[in-house]
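One structure below.
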Amino acid sequence: YRDMSKQDVYPAIESWQDTIDEERKAVEGANADTLAKWQADVQQKVTASWWNMSDFLIMKYNDGRVNVPKVGRSPGYPQWYADMVGFSNDVHPVWVQPASQPQASLLSEIDGGYMAPRFQVPQLWDPESSSWTYHPLPAASVSEEVQQLASISPGAASDAVPFAAAALSTLAALLAGVALGRGFERRVSRSTTGAGEHLL
């Protein structure tokens, strides 16, 4: 929406404001009927212009692409955002860590400026204590991780039982449907063949 606002909407607002200010100067001393007609004309023109702009914006930004002046161009990320998250042409993963504040080169490019945090926000959720914590949880030892995996395994096996039962019941229903369908086809073919023999 930032590009749409800066490139299309805000310039249109300024253009209409300038146009209205210029036209208003010409009719400032006119009588009430002339002012009423001018005001109604301006409202109709602005409304028509905004409806045309809505169609244009849908076409221009359709499917998350920018289609004017060239069709299908990707809007891309702002440079300050790409720098902040470590985006580059390097295919290797970048492990981004929280920073206390943006880099000095980015401060001037951030829309709305930068406001330093006033309160510390918890960073991590501890599922065992069901609470948030401000500090990283202590790393589990290898034996604790093995115990956690061992405790998960029976649950995973029990999850497989409902799946197996569902698969078997689906297969049984499929086979029953095939058997019933074949039986019905045989009955129809016998009755048709039998009807023809009686007529001869």
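Only heavy atoms go into these numbers, but all of them, side chains included; no hydrogens, no water, no symmetry mates. One-based numbering along the sequence shown.
A pairwise comparison of heavy atoms in Ser131 and Ser129 identifies OG-OG, 2.7 Å as the closest pair. Contact detail for Ala30 and Leu35: the closest heavy-atom pair is O-CD1, 3.9 Å. Listed here is the closest heavy atom pair of Pro11 and Ser5: CD-O, 3.7 Å. When all heavy atoms of Tyr61 and Gln7 are compared, the pair lying nearest together is OH-OE1, 3.6 Å.
Remark: Glu28 engages Arg24 in a side-chain hydrogen bond (donor to acceptor under 3.5 Å, both in side chains) (not counting sequence neighbours). Residues that satisfy the side-chain contact (heavy atoms from CB on, under 4.5 Å) test with Asp41, not counting sequence neighbours, are Lys37, Gln44. A search for side-chain hydrogen bond (donor to acceptor under 3.5 Å, both in side chains) contacts involving Asp33 returns nothing, not counting sequence neighbours. Under the rule for a side-chain contact (heavy atoms from CB on, under 4.5 Å), the partners of Gln39 that lie at least two apart in sequence or sit in another chain are Gln43. Under the salt bridge (charged side-chain N to carboxylate O under 4.0 Å, His left out) criterion, Arg186 pairs with no residue, sequence neighbours left out. For Glu14, there are no salt bridge (charged side-chain N to carboxylate O under 4.0 Å, His left out) partners two or more places apart in sequence or in a different chain. Scanning for side-chain contact (heavy atoms from CB on, under 4.5 Å) contacts around Trp132 gives Pro122, Trp125, with sequence neighbours left out. Applying the side-chain contact (heavy atoms from CB on, under 4.5 Å) criterion to Phe56, with sequence neighbours excluded, gives Asp8, Met59, Lys60, Val68.
Side-chain polar atoms of Asp18 and Ser15 form no donor-acceptor pair below 3.5 angstrom.
Using a cutoff of 4.0 Å between basic side-chain nitrogens and carboxylate oxygens, Glu23 and Lys45 are scored as salt-bridged.
Chaining together hydrophobic side chains whose heavy atoms lie under 4.5 Å apart places Leu175 alongside Leu171. Hydrophobic cluster membership for Leu174: none, as no Ile, Leu, Val, Met, Phe, Trp or Tyr side chain comes under 4.5 Å of it.
Val66 places none of its side-chain heavy atoms less than 4.5 Å from the side chain of Val71.
The CD1 atom of Ile58 lies 12.5 Å from the CE atom of Met53; values are rounded to the nearest 0.5 Å.
Among residues at least two apart or in separate chains, side-chain hydrogen bond (donor to acceptor under 3.5 Å, both in side chains) pairs with a member in residues 46-56 are Trp16-Ser49. A salt bridge (Lys or Arg N to Asp or Glu O under 4.0 Å) check over residues 64-79, counting only residues at least two apart or in different chains, returns nothing.
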